[in-house]
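In listed order, ligands and their atoms are each counted from 1. Quick note: numbers below take in every heavy atom, side chains included, and nothing from hydrogens, waters or symmetry partners.
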Amino acid sequence: MSELVSLAKAYDKYFKIGAAVCPMCIQKHHDLILRHFSSITPENEMKYESIEPEEGVFTFEKADIIAALAKEMSIKVRAHAPVWHNQTGAWMFRDGDKPASPELIYERIDAHSKAICEHFNPIVYAWDVVNEATTDPEKTGDTNPIYRNSEYYKICREGFIEAAFRSMDKYSPNAQLFYNDYDEWMPNKRERIVTLIRSLQEKGSRIDGMGMQQHYFSAPDYDELKRSIEIYAGLGLRIHITELDVSTTATLGPGAKRLKPGEPGFNEYIREAMTATPEKLAKINEIYVKLFEIYRSYSDVIDCVTTWGVADDMTWLDMFGFNRGADSIKQHPLLFDENGQPKPCVYQLIDAVR
Ligand code: GLA
């Protein structure tokens, strides 16, 4: 093992190394972030409900903490994610006691875009303009062929996607504009995402990049990952890995038992599947090494690899679980452990590029 140099510096010639951060995590891991990362993304602080909890009322304070860190680091922010079906106030979709019209939604998106760009443009290099707008019948039961049946979609059909890109292009002409989604390496989901992107391109929207979230709940399929990077790059897009983390369930082999919530024995199964063991931690380590090997081999199109969090002490996966309401089971999905110490894979990732 090498003595530890900065991960971000070691990867300088490949891509930026990013982390999703929050004010509490900045307090706790300030030095670690400064040392090992070269891009930051606000975990929640730039989402619609954080910035505009009520129409026309803008609250930038928490996001400003992240902007201040970026200034301190002399880097820019990878900003995330104004137009999303989650974490958006109900007011967006209402007009008094009636549903809002598509035109009203577009006006609201435009006013929001103007406000966030005027405030953040100097410190942002890329925006996830629209997040997760494709359908996911396997998980949501929604049967639309391409687009998620969100409140946005019910009112505007896919028009809100184009409207969001149009406004961000107008107010943030110098930042890169991304579409961001999950399970983006799975063939079915990928096909829908490609349709969405092509349709935006045909309408003349400026879309610069594809955000591949890379949350792993099941074992990565490395061939599909490579194919996906090639397909998105083939659309003329830059690629950012935007939300990488590896759940303990991703360490189960393809033949492992899989139960769905509600099936007999689910609770025992999920507890066992999610509980960390030395073998599962070693597997997570191995997954990171393999993923980065692939990312490096596509560094001509990948500009940034962001993990969804800094260290294992603060990860959304502890709160998520597959069985809502059940006790949480500690997850270890990131590159740094609960004490902010680099895991073996960090040494391996650095050794691989020395
Ligand atoms: C999605 C969103 C992120 C975050 C994660 C879970 O992937 O894009 O902003 O909310 O879910 O925390």
inquiry  = Evaluate Asp136 against Tyr182 for side chain to side chain donor-acceptor pair (under 3.5 Å), listing each step before the verdict.
reply    = CA-CA 10 Å; Asp136 188 3; Tyr182 65 88; 2.5 Å; yes

request  = Over 60° means perpendicular and under 30° means parallel, so classify the ring planes of Tyr152 and Phe160, tilted if in between.
outcome  =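 Ring orientation of Phe160 relative to Tyr152: parallel.
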
inquiry  = Under a 3.5 Å cutoff, is there a donor and acceptor pairing between the side chains of Asp183 and Gln213?
reply    = no

For ligand 1, which is the ligand I care about here, please tell me if [X] has any N or O atom under 3.5 Å from one of the ligand's N or O atoms.
X: Asn44; result: no
X: Gln213; result: yes
X: Lys47; result: yes

Residue and atom name of the nearest protein heavy atom (relative to atom 11 (O) of ligand 1), distance in Å to one decimal = Glu243 OE1, 4.0 Å

Minimum-distance protein heavy atom relative to atom 9 (O) of ligand 1 =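 Going atom by atom, the protein heavy atom closest to atom 9 (O) of ligand 1 ends up being His80 NE2, 2.5 Å.
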
key: Trp308 contact mode with ligand 1 (heavy-atom cut-off under 4.0 Å)   = side chain

ask   = Just which atoms of ligand 1 are under 4.0 Å from any heavy atom in His215?
value = 7 (O)

request  = Heavy-atom contacts with Asn131 under 4.0 Å: which atoms of ligand 1 show up? List them by number with element.
outcome  =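 That gives atoms 2 (C), 8 (O) of ligand 1.
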
Exercise answer: donor-acceptor pairs, residues 9-25 side-chain atoms, under 3.5 Å, sequence neighbours excluded:
from: Tyr11; atom 1: OH; to: Arg296; atom 2: NH1; distance (Å): 2.9
from: Tyr11; atom 1: OH; to: Leu349; atom 2: O; distance (Å): 2.8

Aromatic centroids of Phe165 and Tyr179 separated by under 6.0 Å =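 Judged by ring-centre distance (under 6.0 Å), Tyr179 and Phe165 do not meet the cut-off.
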
Which pairs of donor and acceptor atoms, one on a side chain in residues 61-75, lie under 3.5 Å apart (sequence neighbours left out)?
from: Asp64; atom 1: OD1; to: His119; atom 2: NE2; distance (Å): 2.8
from: Asp64; atom 1: OD2; to: His119; atom 2: NE2; distance (Å): 3.3
from: Glu72; atom 1: OE1; to: His30; atom 2: NE2; distance (Å): 3.1
from: Glu72; atom 1: OE2; to: His30; atom 2: NE2; distance (Å): 2.9

